[in-house]
Amino acid sequence: MEYNFSTIEQIARKKWKDGNVYKVSNSSAKPKYYVLDMFPYPSGAGLHVGHPLGYIFSDIYARYKRMQGYNVLHPMGFDAFGLPAEQYAIQTGQHPAITTEQNINTYKKQFEKIGFSFDWDRQVSTCDPSYYKWTQWIFLQLYDSWYNKEIGKSDRIDNLENIFNIHGNTTVNAACDEKVRSFSGEEWKAFSTLEKQNILMDYRLAYQKDSLVNWCPALGTVLANDEIVNGVSERGGYPVEKKKMSQWFLRITAYAERLLQGLDTLEWTESMKDMQRNWIGKSIGAMVSFPLKEHEEKIDVFTTRVDTIFGVTFLVIAPEHELVKKITTAEYIDAVDEYIRVCASKSDIERQSEKIVSGQFTGAYVLHPFTKQEVPVYIADYVLAGYGTGAVMAVPSGDQRDYLFAKKYNLSIIPILDTQKSENEADATKEGKYINSDFINGLNYKEATKLLIQKLEETKLGYGKINYRMRDAGYSRQRYWGEPFPIYYDTEGLIHTIDKENLPVTLPAVDSYKPTGTGESPLANSKEWVERMGPGTRMETDTMPGYAGSSWYFLRYMDPQNEDFFVSREAQGYWQNVDLYVGGAEHAVGHLLYSRFWHKFLKDNGWVNTEEPFKKMVNQGMIQGVSAFVYRYNPMHSETITPDNKDYEASFKNMYKIPPEIYISSESLQLIENKEEAEVNRFTVFLKEVFKSVGQVCVDEFEFNVSKILFSKSHVDINYVNNKLLEVGSYSDYLKKITDRPCVFFRSRDTNFYVEREIEKMSKSKFNVVNPDQIIEQYGADCFRMYEMFLGPIDTAKPWDTNGISGVASFLRKFWRLFYDDLGNAKPAGEEVTNEELKILHKTIKKVSEDLERFGFNTCVSSFMIAVNDLSKLKAISKSTLTDLIKLIAPFGPHTAEVLWNNMGNPTSVVDAEFPLYDEKYLVESVFNYPVQINGKLRANMDIPLDMPQEEIQKLVLSDEKVVKFTEGKTPKKFIVVTGRIINVVV
RNA sequence: GCCCGGGUGGUGGAAUGGUAGACACGCAGGACUUAAAAUCCUGUGGCCAUCGCGGCUGUGCGGGUUCGAGUCCCGCCCCGGGUACCA
């Protein structure tokens with residue numbers, strides 16, 4: 001048989017399908033292993049070469065584990081709710097459910113071509129009502145729960161009401177809103193239903209509160225952060241404001257400590273854990289109240305350095321702080337308003353990234369809690385409303401931002417430690433003894449902190465506190481394509497939930513996916529939806545965010561068809577949790593934190609029996625695209641010509657009836673930019689001809705300006721590009737379809753047209769998507785799989801480039817030729833098993849096994865290449881060696897392995913073959929070729945038996961001709977032998 | 001700004017603190033062939049060289065630890081990801 005990958009793939013696929021080999025059972029005598037991929041969002045662009053990187057990786061590992069004797073769960077599904085489908089629906093009017101299903105089908109076809117071992121009977125899709133029924137159900141459980149700190153887990157809200165009935169909230173230790181007031185049992189009973197609802201809202205794990213959204217009045221819609229570029233809407237460039245709306249939140253902060261502690265039990269990379277730790281942002285400090293001079297209120301600040309309190313020379317509060325309006329004095333109202341207006345136009349990131357400190361005095365003063373001195377209150381954008389209390393006490397001697405602020409606004413800087421060097425910049429030291437600090441003078445950091453907190457608590461002006469940077473998770477989206485909330489409001493505004501029996505609450509058909517113009521979701525347009533629960537009632541019109549469905553999907557794979565529960569205890573009890581999770585590091589603090597939170601909540605209720613969802617993680621790097629750009633000359637630009645009078649310009653534009661699109665070869669543009677006269681002239685002549693050809697008169701009178709600003713850079717689809725060369729013919733055919741203007745191309749002097757190439761994230765919008773279909777067609781699935789692995793380590797980002805794929809293709813052919821000759825005849829296997837082949841085989845098994853364990857799949861492929869190169873040199877290879885080789889390669893190139901396995905006379909599938917083990921006895925060496933260094937520089941190589949004692953080695957080495965030359969016969973100061981590694985002589 | 005990564009030939013990359021550049025691509029030369037494809041062989045970091053002896057230098061930049069540093073430590077520069085409504 002000849003090496004024809006398309007035949008081979010057909011045979012293998014048929015065998016797998018007929019044998020139903022990827023069906024996974026929930027009961028087995030084998031140990032279980034769960035390999036999970038982050039499921040994809042089914043984009044309209046189809047699968048691109050970046051997607052399969054992680055999937056091939058996990059597929060190889062899943063196959064390897066299966067060959068090691070595990071019952072492996074390796075499922076796939078679709079994260080199918082999301083913004084792009086909705087935007088596509090707005091443009092085309094097609095229902096997102098339809099386009100999403102089409103996209104899913106495309107993805108599945110592509111997956112099947114790559115030979116993944118997914119059990120498709122377990123597919124889940126988050127937009128499937130039978131799936132989101134349970135997303136809604138879990139949400140309702142969160143709504144009906146509160147976090148009882150006393151028992152360290154969540155509890156039913158009914159229990160809380162029972163406590164309130166007897167004791168009020170005085171005995172309750174809950175994770176709840178900071179501002180909740182205390183009440184007795186009697187008071188509780190006297191509250192109205194609405195009051196009770198509002199109080200319970202402060203305790204629920206899913207709750208409502210007012211919060212800000214990005215509101216774009218011009219587009220009449222709420223925008224995602226991703227849709228805003230430089231403070232304006234990406235579409236249209238309209239201004240964006242902050243708008244207050246009532247929204248759902250999940251009280252993830254209740255789980256902050258457990259989310260933090262749980263990290264220690266996980267086999268994730270330290271960097272991944274660090275990102276979560278920093279996101280959670282635990283800090284131990286104190287809450288301090290600064291009473292306002294002219295008002296009743298106090299300004300509360302959280303500080304991790306309460307010891308620096310005598311260095312406070314001003315207070316800074318966020319521009320959005322609730323007290324700003326109240327405390328600003330008449331004199332400063334205008335300036336404060338203006339400052340707030342400027343801040344509102346910036347995003348949090350822009351505000352934090354600002355290098356120049358800015359702020360505004362409010363005219364108000366607070367009193368220092370100990371010295372009772374007046375401290376001025378400023379607003380500044382570097383203080384964010386969402387973090388802590390939205391107010392900080394500024395200590396310019398110890399904090400650099402405060403220092404810069406103080407310098408700018410001429411505020412005093414008080415050093416507070418005897419070791420502090422704060423003349424030119426802030427010094428955040430904790431060393432030394434306190435000075436200028438009243439009753440803590442002379443104390444050290446630890447003593448001072450303790451005493452201060454004690455004093456604050458005595459005077460009721462503060463207390464010790466642990467603060468988390470993490471905020472509760474926003475759970476409302478003003479969109480159509482998401483899970484509807486099983487929530488409605490009655491005529492009195494009371495909230496009702498929809499019973500489990502009536503779930504799922506399915507998305508209704510709507511006439512238009514367009515925004516309402518009020519900021520509400522498109523569902524608000526549907527009267528049928530809004531009044532679904534009766535006249536005068538109102539269904540919740542917002543939908544759930546993307547992370548709702550993706551926070552628990554891995555549990556559904558365990559028991560996908562269960563209609564009675566999201567996962568049965570038996571199924572979850574068998575599969576436990578995910579043993580290996582493969583996905584991008586960009587999810588480090590989003591999806592991965594939300595999933596952990598949901599899982600802990602489910603655990604609290606006994607619905608799952610594991611505390612953490614993902615034991616081990618591998619983060620694959622992004623495969624980037626190599627975008628191509630063309631430059632288009634814009635002849636309508638006012639600076640195209642440099643007329644002395646404006647009339648020229650006007651008349652030019654008038655006369656100019658059919659403006660062509662003029663493209664310029666990037667190489668020529670480069671020359672023009674470098675002011676190379678010949679090229680500038682050539683282009684000018686070209687322009688004149690173009691203009692004449694379209695009937696432009698008096699061209700000769702114009703002076704063409706060809707500076708680079710007149711060229712607009714735009715993406716060109718990489719399918720029209722070969723390396724740097726543009727296929728002008730096919731590209732202009734394409735342009736004809738999308739523009740009615742004629743297009744002309746200014747080529748380089750060598751008659752080629754060059755494009756510019758840049759590495760970017762692979763995305764449909766950047767026209768740099770490489771579809772795997774063509775590559776698989778040209779090289780086959782196994783080659784594609786192995787090439788993606790061969791590209792480099794799984795965790796580094798790398799640009800896609802097919803230049804090296806021929807190496808893998810020829811490796812597969814060489815591998816095949818171990819079994820068949822050039823004419824496709826089976827080669828006779830070697831009669832004897834030679835030591836030579838065993839050495840090659842076992843060296844390869846060892847290396848591949850070790851590399852598989854440490855996830856270095858790129859070097860596995862290298863080892864295969866080395867093995868095949870070495871084995872090709874042998875006259876004949878025994879059947880047993882060839883068999884082991886097939887098994888070794890099977891996870892990587894399953895189609896080829898399956899067919900060879902078949903052809904060797906094995907009736908079963910190679911999928912269930914046993915992964916070979918290596919035997920150390922074939923690998924032992926008696927002699928090692930030592931590199932000999934003299935003073936750390938390599939000077940010689942010597943063969944020395946590995947069991948030779950050090951004294952003898954020393955004698956041998958020192959007598960070597962080369963060594964004598966470089967040591968100049970001196971006695972060495974040191975003689976280092978690292979057995980089997982290196983010898984270093986120090987003289 | 002903050003948090004987390006990364007930076008090694010022309011390119012992708014390899015290297016438990018132990019011979020830097022494995023394995024590939026590309027390129028150059030050669031074999032086979034009418035030719036091409038395929039296949040095979042040789043060479044390939046840079047500089048110097050009495051180009052088959054050898055030498056110097058070299059892993060973003062500057063320091064340090066060590067017998068020995070791409071690898072560990074300190075200080076920079078640049079690039080990528082995340083930054084709470086892209087998924």
Side-chain angles (χ1 to χ4, degrees), chain A residues 38-41 43 79 81-84 213-214 222-228 247 252 269-279 281 347-355 382 386 401 469-479 545-547 550 584-591 593 619 621-622 624 759 761 763 787 790-793 795-799 801-808 810-811 813-814 817 822 850 854 856 858-859 861-866 869 872 929-941 972-976 978 980-987:
Chain A
M38 286 182 183
F39 61 167
Y41 174 79
S43 139
D79 186 13
F81 277 129
L83 201 53
V213 295
N214 300 311
V222 173
L223 295 176
N225 289 338
D226 214 45
E227 297 176 286
I228 304 167
Q247 308 212 69
I252 188 172
T269 58
E270 270 316 300
S271 63
M272 207 68 176
K273 293 188 198 177
D274 277 346
M275 274 193 267
Q276 292 216 347
R277 284 188 190 111
N278 293 327
W279 186 265
S347 71
D348 281 4
I349 295 173
E350 286 171 322
R351 281 170 58 170
Q352 292 274 290
S353 309
E354 192 57 73
K355 281 179 186 157
Y382 73 85
R401 260 183 319 196
R469 201 183 72 98
M470 182 168 65
R471 308 200 288 265
D472 282 338
Y475 199 71
S476 291
R477 301 292 182 267
Q478 293 69 40
R479 304 231 182 87
Y547 71 81
S550 63
E586 65 269 24
H587 297 282
V589 290
H591 161 62
L593 204 59
N619 304 113
M622 191 177 282
Q624 294 151 316
I759 291 166
K761 184 172 174 167
S763 155
Y787 181 60
F790 188 59
L791 270 177
D795 56 357
T796 55
K798 52 216 152 228
D801 169 13
T802 51
N803 285 338
I805 199 165
S806 61
V808 178
S810 65
F811 155 75
R813 280 193 298 268
K814 265 189 230 172
R817 279 206 305 275
D822 290 345
E850 285 170 358
R854 60 171 193 92
N858 54 329
T859 47
V861 178
S862 302
S863 313
F864 293 142
M865 290 174 168
I866 295 169
N869 285 344
S872 299
N929 183 254
Y930 278 95
V932 179
Q933 293 187 336
I934 292 159
N935 288 337
K937 284 198 174 187
L938 180 71
R939 294 300 182 192
N941 280 290
K973 278 190 208 147
K974 237 180 191 176
F975 191 87
I976 296 150
V978 185
R981 284 273 179 216
I982 205 164
I983 292 167
N984 195 5
V985 187
V986 186
V987 290

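A note on names: the letters A, B, ... follow the listed sequences, proteins ahead of strands, and every chain is numbered from 1.
- Within 4.0 Å (heavy atoms only), A:Asp795 reaches no atom of the nucleic acid at all.
- Atom name C1', nucleotides B:G26 and B:G62: the rounded distance is 35 Å, in whole Å.
- Rounded to a whole angstrom, the distance from the C1' atom of B:C78 to that of B:U59 is 16 Å.
- Going from the C1' atom of B:G10 to that of B:C27 covers 8 Å, rounded to whole Å.
- One can place CG of A:Asp226 at 12 Å from P of B:G81, the figure rounded to the nearest angstrom.
- Between the P atoms of B:U19 and B:C23, the separation comes to 16 Å (whole Å).
- Residue A:Val978 is classed as a base contact, given a heavy-atom separation below 4.0 Å to a base.
- Applying the 4.0 Å criterion to OP1 and OP2 of B:U39, one finds that A:Arg813 has a side-chain N or O inside that range.
- A:Phe811 comes within 4.0 angstrom of no nucleic acid atom, judged by non-hydrogen atoms across all strands.
- Across all strands, A:Leu83 comes closer than 4.0 Å only to sugar-phosphate atoms, never to a base (heavy-atom distances).
- Contact between the side-chain N/O atoms of A:Asn869 and the OP1/OP2 oxygens of B:A24 is found at a separation under 4.0 Å.
- For A:Arg277 against B:C3, a side-chain-to-base donor-acceptor contact under 3.5 Å is absent.
- Nucleic acid contact class of A:Ser476 (heavy atoms, under 4.0 Å, all strands): base.
- Atom CD1 of A:Ile976 is separated from atom C1' of B:C67 by 3 Å (rounded to the nearest Å).
- Residue A:Ile982 contributes atom CD1, which lies 14 Å from atom C1' of B:U66 at whole-angstrom precision.
- No donor-acceptor pair closer than 3.5 Å links the side chain of A:Tyr930 to the backbone N or O of A:Arg981.
- Within the nucleic acid shown, A:Pro40 has no heavy atom closer than 4.0 Å to any nucleic acid atom.
- The base of B:C85 is paired with the side chain of A:Gln247 by a donor and an acceptor separated by under 3.5 Å.
- Counting atom types as modelled, A:Glu227 pairs no side-chain N or O with a base atom of B:C85 as donor and acceptor under 3.5 Å.
- In this structure, A:Lys973 does not reach the B:G68 phosphate: none of its side-chain N or O atoms is under 4.0 Å from OP1 or OP2.
- With the nearest nucleotide of RNA chain B identified for both A:Met275 and A:Leu791, A:Met275 has the one nearer the 5' end.
- With a cut-off of 3.5 Å on both Watson-Crick or G-U wobble distances, the partner of B:A69 is given as none.
- The same atom, C1', is picked in B:A14 and in B:G29; the two are 27 Å apart, to the nearest Å.
- The phosphate of B:A14 (OP1 or OP2) has a side-chain N or O of A:Asn858 nearer than 4.0 angstrom.
- As judged by a 4.0 angstrom heavy-atom cut-off over every strand, A:Val213 is placed among the base-contacting residues.
- Under 3.5 Å, the side chain of A:Asn984 and the base of B:C67 form at least one donor-acceptor pair of N or O atoms.
- Look at CZ on A:Arg981: it is 7 Å from C1' on B:G18, rounded to the nearest Å.
- Put simply, A:Arg477 has no side-chain N or O that comes within less than 4.0 Å of OP1 or OP2 on B:C86.
- Comparing the P positions of B:G17 and B:G30 gives an interatomic distance of 45 Å, to the nearest angstrom.
- At the phosphate of B:C85, neither OP1 nor OP2 sits under 4.0 Å from any side-chain N or O atom of A:Arg471.
- Residue whose closest nucleotide on RNA chain B sits further toward the 5' end, between A:Asn278 and A:Leu938: A:Asn278.
- A gap of 24 Å separates the P atoms of B:C41 and B:C53, to the nearest Å.
- Within 4.0 Å (heavy atoms only), A:Lys814 reaches sugar-phosphate atoms of the nucleic acid but no base atom.
- Spacing of P atoms, B:G70 relative to B:C3, comes out at 29 Å, to the nearest Å.
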